[in-house]
Amino acid sequence: WDAFGLPAENAAAERGVDPRAWTLGNIDFMRDELKRLGLALDWSREFATCDPEYYGRQQAWFLKLWASDLAYRKEGLVNWDPVDMTVLANEQVIDGRGWRSDAPVERKKLTQWFLRITRYADELLEGLKTLDRWPDKVRIMQENWIGRSTGLELRFDFAHGEGGLEVYTTRPDTLFGASFLALAADHPFAGSLAAGDPALAKFLTDCRRGGTSEAAIESAEKLGYDTGVRVRHPFDPDWLLPVWVANFVLMDYGTGAIFGCPAHDQRDLEFARKYRLPVKPVVLPAGEDPKTFQVGNEAWTGPGRIYNSAFLNGLEVEAAKAAAVARAEGANQGTGAVVYRLRDWGVSRQRGWGCPIPVIHCSKCGLVPAPERDLPVRLPEELDFSLPGNPLARHPTWKHVACPECGGPAERETDTLDTFVDSSWYFARFADPHAEAPIGPAADRWLPVDQYIGGIEHAVLHLLYARFVTRALRDQGMLKIDEPFAGLFTQGMVTHETYRRQNGEWVEPKAVRIAQEGATRRALDATTGEPLVIGDAEKMSKSKRNVVAPADIADTYGIDATRLFVLSDSPPDRDVQWTTAGVEGAWRLVNRIWAEFDSQPVRPASGGSEDPAATAMRRATHHTIKAVTEALDGFRFNSAIARIYEFVGTLRTTPAEGATPALVTARAEALDALARLVAPFAPHLAEQCWARLGNEGLVAVASWPVYDPALAEDNVKVLPVQIDGKRRGEIRAPAGATKDEVWELISADSEIGPKLQGVKVVRFIHVPDRIANLVTEPA
RNA sequence: GCGGGCGUGGCGGAACUGGUAGACGCAACGGACUUAAAAUCCGUAGGGGGGCGACCCCCGUGCCGGUUCGAUUCCGGCCGCCCGCACCA
């Protein structure tokens, strides 16, 4: 149970309940629901991330990472909610405002704990290539998120005085098109200049206030301030460039400073146009004349030949990049560099319902790890969530401890770990849930996880963190694997129609009656009859009240019909629009299956001579086993259930009255297979059927049926016969019939023959057991 | 802007590596059973046209074009929708 986090704190704040009691109550409820669904879970391995037995071990490995410099503290910019007095995750900032307080979020410098995920950036990128059972989409998203780029880190020396400014660029080929340098507002050099320049100081403040929302960024005007400082061009000391501060330069990417090449970068171009800086093209697109080529409102970012660029002239873009890097390195002006978009993972949260960071602040000894014998560092029993801010920091006694080093008065760290830390290693704990060590010896036997299942929303959060933590723990000698999840399946979201009253109020589906009038559907309030507006299907959420619990269906139709319905409705990787239309079909299937087992005496399988009906049934049985098995392997549960529908249809239409011994045997085989095939979908029904057949024990632990390949394929194939690509008839040919045999059958066919009158067959295409095609031309 | 995906009947959706498009289910319609209804069972069904009839023909997987004996599937260009990232130098 991923049990720490905001929902419990919110409930505590809003209703005054204890977050622990609230969480454990929800777990009890969910456990009952899962059991009711008949899921096959090993409850002996159950734990919650809020158990001290779990988070204490998490604290243990956190301290190991700290000792290895994989965890560290630094000052960083965070989203600060001034009303709730807490740091917010990026996801909790909506349009620049705190999601609960609605207050404008400030960017604030705080000293925070970080995990050094960037040390593994390259390995995490390379590792993606080995994940051949992961969806491409997730791999691409992680690749983009890690964002590896190669370029040049380059120094521009000050025109006056010592030193210079470091700039990162991926386009060193365009260096001769430079017309300015631009610093981020948070760049230290900008800060130092501001001390003597009030106007600059004001500009920097304005920049920091700028919204962080997508819309704000989209529409944000390029703003700049000329600091008056000048730097020398690294390839031409006589060429001086102005140093600006610009609001579009980010401090936490590259070096926080860029050189602007307006002709070949759209942002630089907008900036240059606004402040009337030079726009000098240095990449000539193919087919353009160097004398007439001009850059208008669109920067040219495509390929071309370098010109106006001294020693780079005549080179193509890629060659010019290499040449520029070589020259810069030779002149000791810069080095080729690899830069990642990925940042270190800030894990400090000013929250009370999370895993305490097991560190003690001592005024004499500095940061001291909590001694191992004191782990787990437990949360206090009583926490007051009624006020904004961190209840741990406010707690009267909890944080006051003696320093483990000097014994003097000291304070505990009151930040807790991001809950994504909790979920980044639980799979390893599952593998050996009662081990004394955080990760027990059995983990090596079980891991990696064969098949992981989760929503796409975790593509770059949980799934990246878990891959990183796995490697970090591996390097601590705690794990032997590189990748935690060998196979990944991303299931879709469940959506539901939304309903609103005329006044805009949302109405929950339970309270809605749908009136079907021919093709039109109308929604009415089930009690008052008030007409409602039917809205789009959206992800189920409390705010839109479009949530439906499967338990409601289970109350009417039972768990097995509900499970069959949910699985048969649509493929699991797709979003589904929840509707109960169709659940009747699953209900019928359950009843039909049971009728097959219940309606007639169970007769033992006992051989019998050949009989066409029996053979047909055996073929249907083995064909179904094959089809269902393959569909399950491919996660096509809807197709698997469709095959079961067909199979049950076959059973029903095969008369049991007056059956030959062979048919009785075939039927017994069919029912045996059916019970096993149905078990994953409708376990309770399957057990009942299994017992009805007189078996001992559970079908749940019985083996999966095995098909006979000879029986799974039809021995007679229906081959469509095409003439010039259009279907003109069909023949029945024995399986594996040769081209000549098929030609014989076509020639002899009374329907196809006449259609070949007056034409000449110039080509005969035969795909064995599939199709025949006659290509003709006029005779 | 960049990256990825999707588009098939009234609906959810099938169709293996190019080989009978619409499996299976829902809804619908017709029939049987019933005093009646529900339930259940049987049957019909992409669109259009022809034939008394068993049947036959044409069109059809967002649109236009291409490759191929054959395209829902491959290629090019549009249109529409969805998701992710985003001032990343």
[X] side chain near [N] phosphate (N/O to OP1/OP2, under 4.0 Å):
X: A/K726; N: B/rC59; answer: yes
X: A/R770; N: B/rG18; answer: no
X: A/R643; N: B/rC24; answer: no
X: A/R763; N: B/rC69; answer: yes
X: A/N638; N: B/rA14; answer: yes
X: A/R267; N: B/rC88; answer: yes
X: A/R574; N: B/rG7; answer: no

Go through A/S149 and A/Y168 one step at a time and tell me if the side-chain hydrogen bond (donor to acceptor under 3.5 Å, both in side chains) criterion holds. CA-CA 11 Å; A/S149 75; A/Y168 174 72; 2.8 Å; yes
Whole-Å [atom1] distance, [N] and [M]:
N: B/rA86; M: B/rC79; atom1: C1'; answer: 25 Å
N: B/rG10; M: B/rG19; atom1: C1'; answer: 30 Å
N: B/rG48; M: B/rG43; atom1: C1'; answer: 24 Å
N: B/rU67; M: B/rC75; atom1: P; answer: 16 Å
N: B/rG80; M: B/rA15; atom1: C1'; answer: 25 Å
N: B/rU20; M: B/rG70; atom1: C1'; answer: 12 Å
N: B/rG84; M: B/rG25; atom1: C1'; answer: 33 Å
N: B/rA28; M: B/rC33; atom1: P; answer: 22 Å

Distance-only donor-acceptor test, A/R728 side-chain atoms vs B/rC56 base atoms, 3.5 Å: no
Please evaluate the base of B/rA14 for a donor-acceptor partner in the side chain of A/R636 within a cut-off of under 3.5 Å? no
For RNA chain B, the dot-bracket notation using Watson-Crick and G-U wobble pairs below 3.5 Å, [ ] for pseudoknot-type crossings and | for other-strand pairs, is (((((((..(((......[....))).(((((.......))))).(((((....)))))..(((((..]....))))))))))))....
Nearest to the side chain of [X], heavy atoms from C-beta on, is which of [options]?
X: A/R592; options: B/rC87, B/rC69, B/rC41; value: B/rC41
X: A/F248; options: B/rC87, B/rA89, B/rG25; value: B/rC87
X: A/R727; options: B/rU20, B/rG19, B/rC87; value: B/rU20
X: A/E646; options: B/rA86, B/rA89, B/rA23; value: B/rA23
X: A/P571; options: B/rA86, B/rA14, B/rC69; value: B/rA14
X: A/S639; options: B/rA89, B/rG19, B/rA14; value: B/rA14
X: A/N773; options: B/rC69, B/rA86, B/rU20; value: B/rC69
X: A/S570; options: B/rG12, B/rA89, B/rA27; value: B/rG12

Could you pick out which residue, A/Y168 or A/I140, lies toward the 5' side of RNA chain B when each is mapped onto its nearest nucleotide? A/I140
Walking RNA chain B from its 5' end, the first of A/G725 and A/R652 to be reached, judged by nearest nucleotide, is A/R652
In whole angstrom, give the distance that lies between atom CZ of A/F259 and atom P of B/rA89. 12 Å
Considering only heavy atoms from C-beta outward, does the side chain of [X] approach that of [Y] to under 4.5 Å?
X: A/L342; Y: A/L464; value: yes
X: A/I593; Y: A/L589; value: yes
X: A/R728; Y: A/V721; value: no
X: A/P571; Y: A/R636; value: no
X: A/F681; Y: A/I644; value: yes

Taking O4'-C1'-N9-C4 for purines and O4'-C1'-N1-C2 for pyrimidines, is B/rG9 syn (within 90° of 0) or anti? syn
Please determine if A/K222 forms a cation-pi arrangement with A/F271, meaning its NZ or CZ atom is less than 6.0 Å from the six-membered ring centre and no more than 45° off the ring axis. no
Name the nucleic acid region contacted by [X], choosing base, sugar-phosphate or nothing; use a 4.0 angstrom heavy-atom cut-off, strictly under.
X: A/S568; result: nothing
X: A/V167; result: nothing
X: A/Q722; result: base
X: A/V583; result: nothing

So does A/K321 pair up with A/E318, basic N to acidic O under 4.0 Å? yes
Short N-O contact, A/R619 and A/D714, less than 4.0 angstrom: no
Check RNA chain B against residues 141-153 of chain A and give the residues with a non-hydrogen atom under 4.0 Å, in numerical order. A/M141, A/N144, A/W145
Under 3.5 Å donor-acceptor pairs involving side-chain atoms of residues 765-773 of chain A, not counting sequence neighbours:
| unit_1 | atom_1 | unit_2 | atom_2 | d |
| --- | --- | --- | --- | --- |
| A/D769 | OD1 | A/G736 | N | 2.7 |
| A/D769 | OD2 | A/G736 | N | 3.4 |
| A/N773 | OD1 | A/G725 | N | 3.2 |

